[in-house]
J.: 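This is the structure I have questions about; it appears just below.
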Amino acid sequence: MGKFKPALTSKRWKPSSEEELIDIWLKEKTYAFNPDSGRIIYSVDTPPPYLSGHVHLGQMLHYTQIDMIARYRRMQGLEVNFPLGVDRNGLPVEIRVEKEFGMSMQTTPREEFIAKCKEQLDKYQIEVTDAFKRFGVGYNTYDPDGSYQTDSPRYRALTQATFIDLWNRGLIYTDYRPNNWCFECGTTIADAEVEYAERDSTLNYLYFEVEGLKPLEIATTRPELLCACGAVFVHPEDKRYRKYVGKKAKVPLFDFEVPIIESPTAQMDFGTGALMVCSYGDMADVMAFRDFALKPIAAVSPDGTMTEAAGKYAGMPVAEARKQIIHDLKEKGLLVKQEPTVQRVPLCWRSDTPIEFIAMDEFYLKQTDFVDDLRKIASETPFYPPHHRQILLDWIDRVSVDWPISRRRFYGTEIPIWYCNACGEAVVPEPGELRYYQPWREDPPFDKCPKCGASEGFRGEERTFDTWMDSSISALYVTGYLRNPELFEKAFGNVIRPQGKDIVRTWLYYSLLRVYQLLKQPAFKEVWVPGLVVDENGVKMSKSRGNSPPPGPFIEKYGADAMRLFGVLEAGLGSDIRFSEERLAGVARFMTKLWNIARFVSMFPIPEPIDFKDLTAVDQWILAEANQMVETILPECEMLDFHKPVIEVRRFTWSFFADHVLEMLKGRCFNSDGQFSEVEQRSGWFVLHEVLRIILRALAPITPFITDKIYRELYNDGGIHREPYPSVNESWASEMTAHTELLLQVNRAFWKYKREASISLRQGLPEAYVPKQLEPWSKDLQAMHGIETIHFGTPKKKSGLVQLSLEESTESVFVSPPETGDDA
RNA sequence: GGGGCGGUAGUCUAGCCCGGCCUAUGACGACUCGCUUACACCGAGUAGAUCACGAGUUCAAAUCUCGUCCGCCCCA
């Protein structure tokens with residue numbers, strides 16, 4: 001109609017318009033962090049993504065969910081500290097460089113190798129940063145100065161400073177002991193970095209000769225470790241071997257004798273029930289050697305070949321030695337039989353290759369002394385969802401050895417230690433200074449050995465830290481620990497840790513440990529652990545599985561808002577999110593709907609605010625309904641779970657506001673035949689805008705683009721993201737809400753009647769009777785359905801009237817049909 | 001082998017903790033009809049579920065207990 005033109009001109013929301021908003025946000029610094037605002041600081045300790053390759057969809061959905069929390073908290077009036085961080089330390093990039101460029105770490109000069117790693121990381125960093133931007137992740141800034149990188153001198157200085165602190169408190173020590181060793185990475189790794197997978201293997205049955213008895217049959221998957229055999233175990237209740245216990249068994253091929261010992265760790269039903277125990281075969285072997293004080297023999301060397309102990313097999317790679325030994329056993333008739341079996345093998349989670357136990361000198365950080373304290377912290381810190389706390393508790397209960405923190409790699413934070421050339425004493429720099437040390441290339445910041453007093457120079461430590469030593473203090477870094485005491489004072493203690501459940505035993509556990517050791521305080525105010533993003537088949541999306549598509553094409557087609565909304569709509573917090581393009585497309589339709597609702601509302605002027613009591617009864621009822629919607633969603637939002645809130649907002653927006661309220665107020669807001677007073681008309685205008693504003697703000701954290709766009713066009717040039725989140729308004733109440741459901745049913749009855757009677761929706765009805773509870777809607781109902789004369793209650797004479805029954809009510813609606821034939 | 005979480009229409013999901021109002025919510029998809037003062041990427045409607053299986057507790061079970069099977073994740 002000529003008089004009312006929509007302020008939003010485009011008929012449809014275009015995902016491409018999201019990009020303009022990204023520029024506006026950057027320009028206006030919409031999400032900037034101002035520690036001096038006087039508001040309470042709320043810090044998000046986001047997982048700094050590890051840069052090892054291209055971004056993937058699962059990863060991005062995960063970050064958008066974290067972003068929703070930050071946005072929600074900001075709208076609640078908190079000063080949100082949400083820095084962009086990236087993790088760049090560690091193995092994956094090194095391995096990639098070695099593979100892709102054929103640069104071996106052992107033969108390439110350290111500087112050169114590091115430079116190549118940096119170059120690769122920079123490339124990936126741009127990609128990941130762009131993706132975050134495109135998905136609308138509202139970090140405080142995308143300026144490199146405002147973000148952090150775990151390999152920056154500033155970050156590494158903090159890692160080193162905290163290490164020096166722990167060193168001086170005596171929490172660090174060195175020891176020579178078997179550890180998980182990854183040949184691919186050439187370094188020791190921690191238990192937390194070991195994963196297990198099932199692999200096909202062969203179980204070999206061998207003869208161990210025993211004096212005076214029949215040879216003992218023993219099954220093993222690792223015959224190459226024969227030379228390291230320290231004992232044979234049989235189960236105490238195993239009758240078959242009772243007479244062997246206490247005797248000596250002769251190790252085939254190597255001809256030395258080992259004791260036969262009773263141990264419940266031998267499984268009677270596996271293999272022959274008799275088990276050979278080799279030094280460093282697996283963790284159980286390591287324990288067994290310790291328990292029985294057996295002398296360990298290292299069979300495998302750190303480069304993956306057999307040691308001298310293997311005799312004629314020395315120098316062979318493990319796999320080749322195994323083949324050769326099996327061959328020799330066969331020849332000598334010592335191999336009874338072979339059968340296929342499935343074995344759980346430990347793998348390095350970074351390189352996915354099998355690990356071995358190898359003894360090396362490494363630095364350890366004490367952790368076993370802290371498990372009780374950590375268990376307490378884990379029990380007291382709020383978890384969202386609460387049941388994910390169990391993952392952490394289970395891990396804490398399993399911690400039994402200290403944390404090996406040194407790594408024989410280049411691309412990591414250097415261990416800040418120098419060794420005195422005179423006495424060999426390990427010396428760390430003075431505490432207190434936030435400075436980045438590189439002992440492999442720098443002189444120490446001291447020239448006298450504190451122990452022997454000599455000034456004969458120092459040798460710098462060459463090893464680096466486990467990368468978790470860096471990332472486990474991210475919460476301290478982002479709150480300014482040691483760097484900005486004023487900020488730290490205000491910010492620490494109100495930090496949320498959002499993260500995936502796959503890194504609970506590493507990142508979360510280590511963070512709690514480190515912060516507790518340094519400050520004797522819990523690291524986090526709250527911990528938020530969502531489900532995994534899985535593919536159509538329910539399998540975890542990961543780069544290595546190749547089941548995680550690049551997000552680009554989906555963004556282009558559906559937009560970031562749709563993808564964000566999809567992630568929330570698909571599952572409650574803690575449940576896995578199953579990706580499906582079909583369903584994403586369905587979700588995207590809500591964007592169009594919301595846009596068109598706003599477009600319709602934008603036809604009407606925005607009147608001066610009107611007091612609630614001066615609105616029409618129907619308009620009061622609409623606000624009361626909106627109020628109830630807000631009341632429903634807030635408790636769930638507080639649980640940091642937007643799944644149900646967003647379903648509720650969508651229901652309210654689409655099935656109530658659009659389908660019923662807009663249809664009902666159309667007549668009054670246009671008022672083209674002047675049936676309504678100007679006061680009534682303005683009341684309608686006001687309510688439409690008021691409700692739209694509530695809907696937009698409720699959705700702003702979820703779909704930041706479309707809501708901001710509409711808000712800027714209609715209400716506020718500054719956008720929506722600094723506006724308050726909707727809250728409950730006690731005075732917005734109406735008794736009419738008791739009859740809402742009845743009203744909706746009456747509307748449906750009219751629509752259904754017209755459809756079934758093939759009457760146009762615009763066609764009027766001469767007369768209608770509706771339930772008397774709906775009397776307050778009288779005028780708007782007339783306008784909505786074109787009822788010339790409306791009555792309330794049941795008609796006395798029903799002749800000439802059509803009765804329309806309602807779905808969930810005993811009440812009925814009666815209408816008199818319009819004149820049939822050729823209607824005007 | 002142990003632990004955690006789960007198994008609800010073709011698909012996904014709510015409800016389950018705190019049994020009855022569940023003849024089970026919502027969405028996607030399917031089907032039928034419809035251009036109606038924004039929206040056909042729409043509207044109105046229809047169909048579709050023995051709530052994995054078996055047993056038990058109970059006046060009453062999707063919901064509690066036990067067992068079985070299946071899936072995913074984690075651990076030894």
Side-chain angles (χ1 to χ4, degrees), chain A residues 1-14 191-192 194-196 265 267 269-270 282-284 287 344 346 385-395 397-398 400 500-505 531-532 534-540 558 562 565-566 569-572 574-604 643-644 646-648 650-651 654-655 658-659 662-663 665-667 669-672 688 747-756 758-763 783-786 807-808:
Chain A
M1 297 272 112
K3 197 177 163 196
F4 299 103
K5 283 218 183 76
L8 302 176
T9 49
S10 163
K11 276 188 101 170
R12 189 157 294 158
W13 166 250
K14 296 191 203 74
D191 286 348
V194 178
E195 285 183 339
Y196 291 80
T265 56
Q267 283 176 41
D269 53 359
F270 183 80
D282 58 27
M283 200 55 204
M287 302 296 241
R344 293 286 269 182
H387 70 257
H388 275 174
R389 182 199 320 274
Q390 200 55 41
I391 305 172
L392 176 63
L393 289 172
D394 286 351
W395 178 251
D397 286 340
R398 208 160 276 135
S400 59
K501 61 181 174 186
D502 50 339
I503 48 176
V504 165
R505 64 191 164 127
L532 303 167
V534 301
D535 66 12
E536 278 98 335
N537 306 314
V539 179
K540 178 181 169 180
Y558 304 103
L565 185 60
F566 168 81
L569 236 23
E570 203 61 12
S575 304
D576 294 347
I577 298 167
R578 189 181 287 232
F579 183 74
S580 143
E581 180 170 2
E582 192 190 7
R583 308 170 61 71
L584 171 62
V587 167
R589 296 187 306 124
F590 180 65
M591 299 295 119
T592 311
K593 187 66 183 181
L594 180 61
W595 180 259
N596 276 293
I597 288 167
R599 185 161 178 263
F600 176 75
V601 173
S602 79
M603 277 196 276
F604 306 107
H643 177 64
K644 278 185 243 171
V646 104
I647 288 173
E648 171 64 9
R650 183 177 62 171
R651 192 223 99 233
W654 201 324
S655 309
D659 293 349
L662 295 191
E663 293 305 328
L665 295 204
K666 259 178 193 171
C669 287
F670 284 115
N671 199 18
S672 38
L688 289 187
N747 285 339
R748 289 186 196 117
F750 276 111
W751 288 325
K752 190 173 179 181
Y753 165 68
K754 286 186 172 179
R755 186 176 58 84
E756 284 172 355
S758 296
I759 300 169
S760 153
L761 282 180
R762 303 181 64 177
Q763 172 86 44
M784 184 178 190
H785 299 295
E807 238 176 72
E808 283 168 36

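Naming: A, B, ... by sequence-line order, numbering from 1 per chain.
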J.: Provide the Watson-Crick or G-U wobble partner of B/A40, both distances under 3.5 Å; none if there is no partner.
T.: none

J.: Using atom P in both nucleotides, what's the gap between B/U23 and B/U50 to the nearest angstrom?
T.: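 That atom pair is separated by 15 Å.
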
J.: Using whole Å, what does the distance between atom P of nucleotide B/C28 and atom CE of A/M591 come to?
T.: 13 Å

J.: Does a side-chain N or O from A/K666 land closer than 4.0 Å to OP1 or OP2 of B/U37, or not?
T.: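 So the side chain of A/K666 is outside the cut-off, no N or O lying under 4.0 Å from OP1 or OP2 of B/U37.
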
J.: Partner lookup for B/C64, please. Criteria are Watson-Crick or G-U wobble with both distances under 3.5 angstrom; report none if nothing qualifies.
T.: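 Partner of B/C64: B/G56.
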
J.: Below the 4.0 Å mark, does B/C42 have OP1 or OP2 next to a side-chain nitrogen or oxygen of A/K11?
T.: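 Answer no for this pair, as no side-chain N or O of A/K11 is under 4.0 Å from OP1 or OP2.
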
J.: Using the C1' atom as the reference point in each nucleotide, state the distance between B/U13 and B/G26 in Å, no decimals.
T.: 7 Å

J.: Just checking A/A658: base, sugar-phosphate only, or nothing, at a heavy-atom cut-off of under 4.0 Å?
T.: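 Base, at least one base atom sits under 4.0 Å.
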
J.: Does a side-chain N or O from A/K754 land closer than 4.0 Å to OP1 or OP2 of B/G34, or not?
T.: no

J.: Rounding to an integer number of angstrom, what distance separates B/G19 and B/U65 when you compare their C1' atoms?
T.: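 Those two atoms are separated by 13 Å.
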
J.: Paired with B/A49: which nucleotide, if any, by Watson-Crick or G-U wobble criteria at under 3.5 Å for both distances?
T.: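 Paired with no nucleotide.
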
J.: Once you apply a heavy-atom cut-off of 4.0 Å, does A/R578 come out as touching a base, just sugar-phosphate, or nothing?
T.: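 Sugar-phosphate, no base atom in range.
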
J.: Strictly by Watson-Crick or wobble contacts shorter than 3.5 Å, is anything paired with B/C5, and which nucleotide is it?
T.: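 Partner of B/C5: B/G71.
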
J.: Under 4.0 Å, heavy atoms only, any strand: does A/H643 hit a base, just the sugar-phosphate, or nothing?
T.: sugar-phosphate

J.: Has A/W13 got a side-chain N or O lying under 4.0 Å from the OP1 or OP2 atom of B/C39?
T.: no

J.: At less than 4.0 Å, is any side-chain N or O atom of A/R651 found next to OP1 or OP2 of B/U25? Yes or no.
T.: no

J.: Could you check whether the rings of A/F750 and A/H785 sit parallel, tilted or perpendicular, using 30° and 60° as the cut-offs?
T.: parallel

J.: Partner lookup for B/C18, please. Criteria are Watson-Crick or G-U wobble with both distances under 3.5 angstrom; report none if nothing qualifies.
T.: none

J.: Using Watson-Crick or G-U wobble geometry with both distances under 3.5 Å, which nucleotide pairs with B/G10?
T.: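 In the structure as shown, B/G10 has B/C28 as its Watson-Crick or wobble partner.
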
J.: Rounded to the nearest 0.5 Å, how far does CG of A/L594 lie from CZ of A/R599?
T.: 13.5 Å

J.: Applying a 4.0 Å non-hydrogen cut-off, can you work out what A/E756 is touching in the nucleic acid: base, sugar-phosphate, or nothing?
T.: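 If one applies the 4.0 Å heavy-atom cut-off, A/E756 turns out to touch nothing in the nucleic acid.
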
J.: Between B/U37 atom C1' and A/N596 atom CG, what is the distance in whole Å?
T.: 14 Å

J.: With no angle test and no hydrogens, is the base of B/U37 tied to the side chain of A/R762 by a donor-acceptor pair under 3.5 Å?
T.: no

J.: Under 4.0 Å, counting only non-hydrogen atoms across every strand here, what does A/D659 touch: a base, just sugar-phosphate, or nothing?
T.: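 Sugar-phosphate contact only.
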
J.: Taking 4.0 Å as the cut-off, does a side-chain nitrogen or oxygen of A/R755 come that near to OP1 or OP2 on B/G34?
T.: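 The answer is no; no side-chain N or O of A/R755 sits under 4.0 Å from OP1 or OP2.
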
J.: Taking 5.5 Å and 30° as the limits, would you call A/F600 and the base of B/C39 a stacked pair?
T.: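 Check failed, A/F600 does not stack on base of B/C39.
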
J.: Considering only the P atoms, how many Å lie between B/G54 and B/A62, rounded to the nearest integer?
T.: 13 Å

J.: Respond yes when some side-chain nitrogen or oxygen of A/R398 is under 4.0 Å from OP1 or OP2 of B/A76, and no when none is.
T.: no

